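Reviewing the structure listed below.
Everything numeric here is computed off the predicted structure, so don't read it as measured data. Throughout, a chain's letter reflects where its sequence line sits, starting with A, and its residues are numbered from 1.
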Amino acid sequence: MPKKSVGAENDATEISTTMAGLIARLVKTLGIVLMFNMSISIAVAAELTPISPEDMQNIRNSQAECLQCHSEEGFAALEQKDFELAQLQGLFVDKAALEASSHGRVDCLACHVTGYKEYPHFKAAKSIINNCDECHTRLFMVIEEQYFESVHHKQMKQKFDCNTCHDPHTFLKASRFATVGEAVAQDNAICVQCHGITKSLTKLSNGRQKDLEQTHDWLPNLTSHWEKVRCVDCHTKTSKKALSHNIMDGKGAQRDCVNCHQLDSDLLMRQYAHLVEQEREKYGFVNSIILNEAYVIGATRNRYIDLAFGLISILVLAGIGIHILIRIVARRRRNNSHD
Amino acid sequence: MTNRTYILPLLLRIWHWSNALLMILLMISGINLHFSYLPVTIMSFELSIAVHNVSGITLSVLYILYLLWNGYTGNWRQYVPKLNGLTDNINRQNYFVMRGIFKGDPPPVLPTQEHKYNVVQQITYFLVMYGAMPLLIITGLVFFFPEVAPESLFDFNGMVLVAISHYVTGFVFVMFMIGHIYMGTMGITVSAGIKMMITGWHDHHSRKIQKND
């Protein structure tokens, strides 16, 4: 009996422990789901939800407060300067670029959370700036997976984080640019910051860094490609979620021209991905969203012209065929009549 | 009196056959580039680019030499039809193609050193060599220097209309080539025109053979 009761107690304890564990897991999962959804809403809300004029004003006021010291104009206007200009080098933000950027409608304190309200700032505050995944959670799951495949992670993971490429104070999402060309210019400028190596620098680095023009000399119309196509359009693997973070080196990059230069062009999955929903055949042109930006051989096609040329070719060849046939028949008849 | 006349000098024949070869290469590579994902391709996309570029530049150089030679020798006059009796001459030529050739009639105009071409040839060659060819070359060259194309034209990127003009003109040339080859079989005999393009001599004696056909 006692044994039994001990066993029963043990069972009860086990069940309650299991239950508690289950509830804890449930709460944790729920928490994660909630946080996940909240995180999505934080990142997306800034873009999709209209901000009331009052809230916008509050954000601008908060930004202005920071920019008093963290912008060249603000610093120059300060009456009492408690620090040297040199101390702020590298910590300046371009106001116009910030306001035009994807984070232009975000309060500085949304990322610079702890230790920034006080002045002078808490010394360790720099190391506790919010990570990008705090807001960009859903995207981050894909981006992180892609990034782990990238040459940047494989070769220099200690030196790489989001900010290495994406300056949060200036970066603008491709879909927010007026033209695809502008988005291409921004994205390629990021790569060129490190990879824009000239011949002389190649020599200085003992060939570790190659001259970009030299490594891309196989590409026809190099300038056109650099102006119209993002580096990552070739230097990433094609994936359904084209977030272009699985960056490959020259050996792993796309070299098959036909990937883009065809009717079902990869460009629509990549730099034009945000415009694909707008794709409507314009005056018979296939891939018409590219029309304003470039003529892409093989991808820019007009169904009507192709069809008309096909029909004309058939008619001309058929006409010649019939003419030949009549000539043969007429000649035989003439020969027979001579006989 | 000799039965054959020397009409086409060697230089002209070399130019003609070079043009023919280059245009065939341009046509094949051009089709490959435009319809880049055909199940059967004669050459790869990369090779097509190289072939199209090299052939295009060579054709352009040959065209410039042709213009200089034409100006120097006065050969350009061969392409200008006589306005006097123009309609009659065209009708005569058309009648031969649509009716006469079936009845075994000889071509209404035979080539001579002074007049190499009939009126339809004159008009076609004039339009092709002085209209379509410069357009084809200029639009083709713009592909090498896309920065010279206007930024935008009628709501499109400037290169779109340049490229379409190139495509349309290229197609005109393909059609011209097919028609030209076929018309080459409509001489005194089926092979007389092609033989003349190879040897430079036009055999007037063949008229008899044609009549006996």
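- Side-chain atoms of A:R334 come within 3.5 Å of backbone N or O of B:F102 as a donor-acceptor pair.
- Of the two parts of A:I328, neither the backbone nor the side chain holds a non-hydrogen atom closer than 4.5 Å to a non-hydrogen atom of chain B.
- There is no contact between B:V162 and chain A, counting heavy-atom distances below 4.5 Å.
- Here the straight-line distance linking atom CG of B:L38 with atom CD of A:Q262 works out to 11.0 Å at 0.5 Å rounding.
- With rounding to the nearest 0.5 angstrom, the CD atom of B:E46 is 6.5 Å from the CG atom of A:D256.
- Contact between A:P220 and B:I49 at its shortest, heavy atoms only, is CG-CD1, 3.7 Å.
- Scanning for side chain to side chain donor-acceptor pair (under 3.5 Å) contacts around B:S36 gives an empty result, with sequence neighbours left out.
- Atom OG1 in B:T185 sits 4.0 Å away from atom CZ in A:R327 (nearest 0.5 Å).
- For residues 88-100 of chain B, the interface with chain A (any heavy-atom pair closer than 4.5 Å) comprises B:V97, sorted by residue number.
- Contacts from residues 125-137 of chain B to chain A, taken as heavy-atom pairs separated by less than 4.5 Å, involve no residues at all.
- If you measure heavy-atom distances from A:D264 to chain B, you find no contacts under 4.5 Å at all.
- For the residue pair A:I305 and B:I164, the shortest heavy atom distance occurs at CD1-CG2, 3.9 Å.
- There is no contact between A:R332 and chain B, counting heavy-atom distances below 4.5 Å.
- Among residues 180-190 of chain A, no residue has any heavy atom closer than 4.5 Å to a heavy atom of chain B.
- Atom CG of residue A:D306 and atom CZ of residue B:F171 lie 10.5 Å apart, to the nearest 0.5 angstrom.
- Taking all atoms of both residues into account, the shortest heavy-atom contact from A:T300 to B:H34 is O-CE1, 4.3 Å.
- Taking all atoms of both residues into account, the shortest heavy-atom contact from A:K228 to B:N157 is NZ-ND2, 3.9 Å.
- Your options are B:F145, B:F143, B:F144, and the one with the most heavy-atom pairs under 4.5 Å with chain A is B:F143.
- Within the 4.5 angstrom heavy-atom criterion, atoms from both the backbone and the side chain of A:S313 approach chain B.
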